[in-house]
Peer 1: 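Just dropping this structure here.
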Amino acid sequence: MEFTDIVNLLDGREFREADSQIKRGRLKYPNNSAYLCLLIYSAYKQGSKVKAIASAKDFVNKHALNDANSVLLLYRLFSQEGLTKEAQQTYETALRKFPILGPKLLPALIEQMVDGVTPINIKQMEKLLMQLQKVSGETKDVYNAAFACSLMPTDTLLNQLGVKLVEKVAVENTQQLYVVTKLNSNLRQWDAVIDATETFKKKSAEIALDLEIETLYVEALIQSQNWTKLRIHTLPKLTTFNDYSTILNFILALRQLAESFNATKELLDTIPFKRNRLLSYLELAVQYNMPHEVYLQQYYDALKTKLCCFYDIRHYPKLNALKLEEGSNDSHVEINNQKFKLILLGEDYSVIIKENEAIYETACAKKKSLERYELLPENELILMNLLLDDNVNAFEKTDRLHSVLSRNPDDPRVRMWMMHSLAQYGHFTQTILGHFEDLKIKMIQIDTLGYYISNLVPLKENAMVLFNLYRYYLTVPSENVSMVLQGMENQVYTKLEGFFNFYNRSLNSVGELQLALTIAKMTTVLGLSDYSSFFVDRIKTRFQLDLLNDNRDFKTLWKFGINTKEAEAYANSLLLLLTLKLEYYKTLLLNEGNPSNAHSHIKNLNKLLSGEDTKSLNKFETWLYRIYFNLFKCLFKYNQKEMVTNMNYLTKNLKFTKVMPIIGEFSVLSSAYTLLIVSLVELVHNLTGLTDFKHLRDQLCTDIKKVNIRSLVEAELEKTGASKFGFTKHLDNYDILISSLK
Amino acid sequence: MSSIRPFQMDDLFSVNPINIDPLTENFNPSFYSQYLIEWPTFFFKSTEETHGLFDQLYEISGYMMGKTEGRLDKKEWHTHITAVTVMPTYRRLGLAQGLCVQLEKMSVGGVYDTLFVDLFVKVTNSLAYKMYKGLGYSVYRRVIGYYGRTVPEDRNNLDDEIDAFDMRKALPRDIKRETVRDNGEKVYVLPNEIEF
Ligand SMILES: CC(C)(COP(=O)(O)OP(=O)(O)OC[C@H]1O[C@@H](n2cnc3c(N)ncnc32)[C@H](O)[C@@H]1OP(=O)(O)O)[C@@H](O)C(=O)NCCC(=O)NCCS
């Protein structure tokens, strides 16, 4: 029986069969250390962990492991026990003594690292890779190892090693060529990049090179100032490959070769792709320090009916020389012109706002009904107005969007704006959910856009919606592991780095953490304890706050290019992540049984609460997290000397009268207000069952129930006339929530 | 200023402006990675320079996702367009056409050398239909209930909302043009009859 078969038996808990196989093996090959390792692993799997670890350590000290399987097995055993140092030592020693193991061992070790929880840390592999001095093994293993060396672009030694590894193995396909060119490119050995690529091309002329290799090749030509070759390479592509980068490189080559403006332009004239050709003239003029106004105008005249027109040329210095067509009745021309005017006419937006409105209305009058999936391009002008017009209040803006969306329900961007706009109020979370569902947001979009529904009120039906979204995160880690492994197995090096990035960015995702925290909170309030313990467990085991990846998309919304400042401010305001981190520790502490873990969480909470970022918290949040902080200190007897102070703090502050004046500062319609109510209800739930705080809890509960949110909100909505966005359901939800308090 | 670049898995984090479109499918990540693994050169994107907006080097304006399948001896070895889509701002510039042409070129000769390119398009997606016509594609057959929720059984139960046109364009390797036909609109098949 093979080594791996026995390991599988052990992993499958078929101990009897496994042990008999091990016994047989030891009799047959008494000197083979692999069976000894298996024996240790068997003991480990059968529960004698301490003894097994001790034997393993002893074994590593006494024996030089000379087969890859044994190394991997002990590596796995140590890793599972969190003994990283020992794990590393296992393969380092083995490699030092038997470098020949290297290429076999490395990919296997990478496979072990990719476990769906830990990010791939290329740096961690560095030492390991450095051991790979001798080249041997199957071509595949060698290329996998060499590829790994290329992942740290600035590490000269490592890349040199990679080159050495593949030196004697002939390049047989484009993926292997990619590894060779990538290593040499990292080493800035441009001639080697050029040489390898050209040799391959000569040998296999019929095979088209991957775009990744083309890019490295062109980069090498540029870096080595091989202008003649660059010209030869790019010239034929002008007419066959509609690629602006190629055109830019062509212009670069000709300028370096001191070709004249006119001669170069004549060659650019042959580009059959109108847009790129006209843009190439502009770029040529700028590069040659020639006036570019005429080309700007030429481009505008030819492409003003295309929606890209504005974005293509808005950054050119001589934009103000542009003569915009007047009185056009082509809608795209009008839209482009409005955007240009915004740049060209300066700060007084009132005229533009009026014109935008008029253009939109005319378009609507002309187009009585839209075809399925048709987008009314003029919608953009209204979006522009929403951002430009300071004289219209937030509700009126939402109302405007509401009517634009009613006319063109298929425009996803207007729908996104509707969600964005509604999110500033607290009472439309159910409406936002409706839009979210209409947009059919799924898969990776849950990670990038899921934040729109992170403020749903705790309700069973909402919890169900969120569970369903969360399913995405349950399947992705293991699928990502297979992706990376299969990518390595199939040697698609051109895509592997992207796989690593995707794998890493999918871990510790802000979107996932936010969703998990929302669900944990919701299920706690709703008393769905099975669910909440599942999510608390995910939160505990899957996240490292210092490695958070923020994949949330704040860009799509603003892709009409004019209001970048607002866009940035909006994105930045959400980037702080302080409340997310506070919620994280709060959730951990609410579910922590181990005092020493709790103390370390409290320490972290303290750090967060005394940091600079706390300025971004509103008054209620500051109150709330201080309450929790003191509560945890009491519960976990954090500091005996401070116990009395902590208790006094709570007696004094854990009161509705402390919150009342703060509430007064929020509009009852704001999202902050909703969050406040939900957080208070949650606090009551969290205090339930804590005998020391029963009195405070009961009083808080009674006080909250006295607030008649419904009438407060209704009165406010009446005043603003915002009833039409659909809030009644939300108010019902409040009633249900508050009535859950006993 | 479109450029063509290879698609990478982590690009999925930046394709919302394209994929938020109701006619563009959002697949499971593993579906995309499978394409990248098996047909790495058949998955590419068009990009536009952003001149520093949003700290992006460029934005993705569209992409093409293709694969090969079918048996050569049955004259079914072909390139399949699984998805081609362009962000609204960059439509009507010939980008989608360009992406299709690029895929065609990659299918001729070289490692794949397929007989034809094909794709499925909703009968109601008239934009895409027009585009493929313009590129020389013709309808090979109408697949009844292809986009429906239930498995259709009646070949003659036409429904524009859920039926698909299977459109094809013969490549040079199909010298006698045996893989395409006239009047394909009138040839009705059920989804289970189109397995390769
Ligand atoms: C279909 C789609 C890919 C076209 O992208 P595009 O880059 O705008 O297409 P092109 O500019 O290459 O158009 C090529 C031809 O298609 C036809 N066409 C495309 N859009 C059209 C429109 N809105 N109205 C009329 N004809 C249209 C035209 O004949 C056009 O040639 P022309 O501009 O010279 O008249 C794009 O609309 C899209 O992404 N739609 C959503 C996704 C989708 O439906 N994909 C196809 C699934 S199979």
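On a predicted model such as this, the values are computed, not experimentally measured, just so you know. Naming: A, B, ... by sequence-line order, numbering from 1 per chain.
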Peer 1: Partners of B:Arg168 by salt bridge (charged side-chain N to carboxylate O under 4.0 Å, His left out), sequence neighbours excluded?
Peer 2: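 Here no residue qualifies.
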
Peer 1: Identify which part of A:Phe500 has an atom lying under 4.5 Å from any heavy atom of chain B, answering side chain, backbone, both or neither.
Peer 2: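 No part of it gets close to chain B.
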
Peer 1: Against chain B, label A:Arg415 side chain, backbone, both or neither, depending on which of its atoms sit under 4.5 Å from a heavy atom there.
Peer 2: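 The answer is neither part of A:Arg415.
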
Peer 1: Test your reading of the model: is there a side-chain donor-acceptor pair from B:Ser3 to the backbone of A:Ser245, 3.5 Å cut-off?
Peer 2: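 Here the side-chain-to-backbone pair exists.
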
Peer 1: Let me know if A:Thr240 has heavy atoms under 4.5 Å from chain B in its side chain, its backbone, both or neither.
Peer 2: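 Contact with chain B is through both the backbone and side chain of A:Thr240.
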
Peer 1: Between A:Tyr373, A:Phe273, A:Phe241, which has the largest tally of heavy atom pairs under 4.5 Å with chain B?
Peer 2: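 The residue among A:Tyr373, A:Phe273, A:Phe241 with the greatest pair count is A:Tyr373.
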
Peer 1: Answer yes or no: does atom NZ of B:Lys105 have more than 12 heavy-atom neighbours from other residues, nucleotides or ligands under 6.0 Å?
Peer 2: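 Yes, the 6.0 Å shell around NZ holds more than 12 heavy atoms from other groups.
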
Peer 1: Where on A:Leu248 is there a heavy atom nearer than 4.5 Å to chain B: the side chain, the backbone, both, or neither?
Peer 2: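 Answer is side chain: those atoms of A:Leu248 sit under 4.5 Å from chain B.
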
Peer 1: Report which part of A:Gln486 has an atom under 4.5 Å of a heavy atom belonging to chain B: side chain, backbone, both, or neither.
Peer 2: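 Both parts, heavy atoms under 4.5 Å.
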
Peer 1: Which one, B:Thr41, B:Thr89, B:Leu95, B:Asp113, leads in non-hydrogen pairs under 4.5 Å with chain A?
Peer 2: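 Among the listed options, the one with the most contacts to chain A is B:Thr89.
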
Peer 1: How long is the straight-line distance from CD of B:Glu59 back to OH of A:Tyr311, given to the nearest 0.5 Å?
Peer 2: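 Answer rounded to 0.5 Å: 8.5 Å.
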
Peer 1: Heavy-atom cut-off 4.5 Å, strictly under: side chain, backbone, both or neither for A:Asp411 against chain B?
Peer 2: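 Neither; nothing under 4.5 Å.
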
Peer 1: Where along residues 147-154 of chain B does a heavy atom come under 4.5 Å of chain A, listed by residue number?
Peer 2: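 Checking residues 147-154 of chain B against chain A gives no residue, so none.
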
Peer 1: Looking at A:Gln445, A:Lys274, A:Glu283, which has the largest count of heavy-atom pairs under 4.5 Å with chain B?
Peer 2: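 Top count of heavy-atom pairs under 4.5 Å with chain B: A:Gln445.
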
Peer 1: Side chain, backbone, both or neither: which part of A:Gln175 has an atom under 4.5 Å from a heavy atom of chain B?
Peer 2: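 The side chain, not the backbone.
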
Peer 1: Which bit of A:Leu303 comes within less than 4.5 Å of chain B, counting heavy atoms only: side chain, backbone, both or neither?
Peer 2: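 The answer is the side chain of A:Leu303.
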
Peer 1: I need the full list of side chain to side chain donor-acceptor pair (under 3.5 Å) pairs touching residues 95-104 of chain B, with sequence neighbours left out, sorted by first then second residue.
Peer 2: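 Only B:Glu104-B:Lys169 qualify under side chain to side chain donor-acceptor pair (under 3.5 Å).
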
Peer 1: With a 4.5 angstrom heavy-atom cut-off, is it the side chain or the backbone of A:Asp210 that approaches chain B, or both, or neither?
Peer 2: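 Both the backbone and the side chain of A:Asp210 come within 4.5 Å of chain B.
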
Peer 1: Are B:Tyr90 and A:Arg275 close enough that some pair of their side-chain heavy atoms sits under 4.5 Å apart?
Peer 2: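 A side-chain contact exists here, since the closest heavy-atom pair is under 4.5 Å.
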
Peer 1: At a heavy-atom separation under 4.5 Å, does A:Asn490 approach chain B through its side chain, its backbone, both, or neither?
Peer 2: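 It is the side chain, since no backbone atom gets that close.
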
Peer 1: If you look at every heavy atom in B:Pro40 and A:Thr494, which pair is closest and at what distance?
Peer 2: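 Closest approach of B:Pro40 to A:Thr494, heavy atoms only: CB-OG1, 4.3 Å.
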
Peer 1: Where on B:Met106 is there a heavy atom nearer than 4.5 Å to chain A: the side chain, the backbone, both, or neither?
Peer 2: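 No part of B:Met106 comes within 4.5 Å of chain A.
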
Peer 1: Non-hydrogen atoms of chain B under 4.5 Å away: do they reach the side chain of A:Phe499, the backbone, both or neither?
Peer 2: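 A:Phe499 touches chain B through backbone and side-chain heavy atoms alike.
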
Peer 1: Within this structure, what is the CG-OG distance for the pair A:Asp312 and B:Ser2, rounded to the nearest 0.5 Å?
Peer 2: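 Here the interatomic distance stands at 7.5 Å.
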
Peer 1: Identify which part of B:Thr50 has an atom lying under 4.5 Å from any heavy atom of chain A, answering side chain, backbone, both or neither.
Peer 2: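 Backbone only.
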
Peer 1: Can you tell which part of A:Lys495 gets under 4.5 Å to a heavy atom of chain B, answering side chain, backbone, both or neither?
Peer 2: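 For A:Lys495, the contact with chain B is made by backbone and side chain together.
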
Peer 1: Which residue out of A:Val476, A:Ile207, A:Leu496, A:Leu449 racks up the most heavy-atom pairs below 4.5 Å with chain B?
Peer 2: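 Counting heavy-atom pairs under 4.5 Å, the top option is A:Leu449.
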
Peer 1: Under 4.5 Å, counting heavy-atom pairs only, tell me which of A:Arg505, A:Lys306, A:Glu206 racks up the most with chain B.
Peer 2: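 The candidate making the most pairs under 4.5 Å is A:Arg505.
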
Peer 1: Anything in residues 4-33 of chain B with a heavy-atom distance to chain A below 4.5 Å? Please list those residues in order.
Peer 2: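 When heavy atoms of chain A are the reference, residues 4-33 of chain B contributes B:Ile4, B:Arg5, B:Pro6, B:Phe7, B:Gln8, B:Met9, B:Asp10, B:Leu12, B:Phe13, B:Asn16, B:Pro17, B:Asn19, B:Ile20, B:Asp21, B:Pro22, B:Leu23, B:Glu25, B:Asn26, B:Phe27, B:Asn28, B:Pro29, B:Ser30, B:Ser33 within the under-4.5 Å range.
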
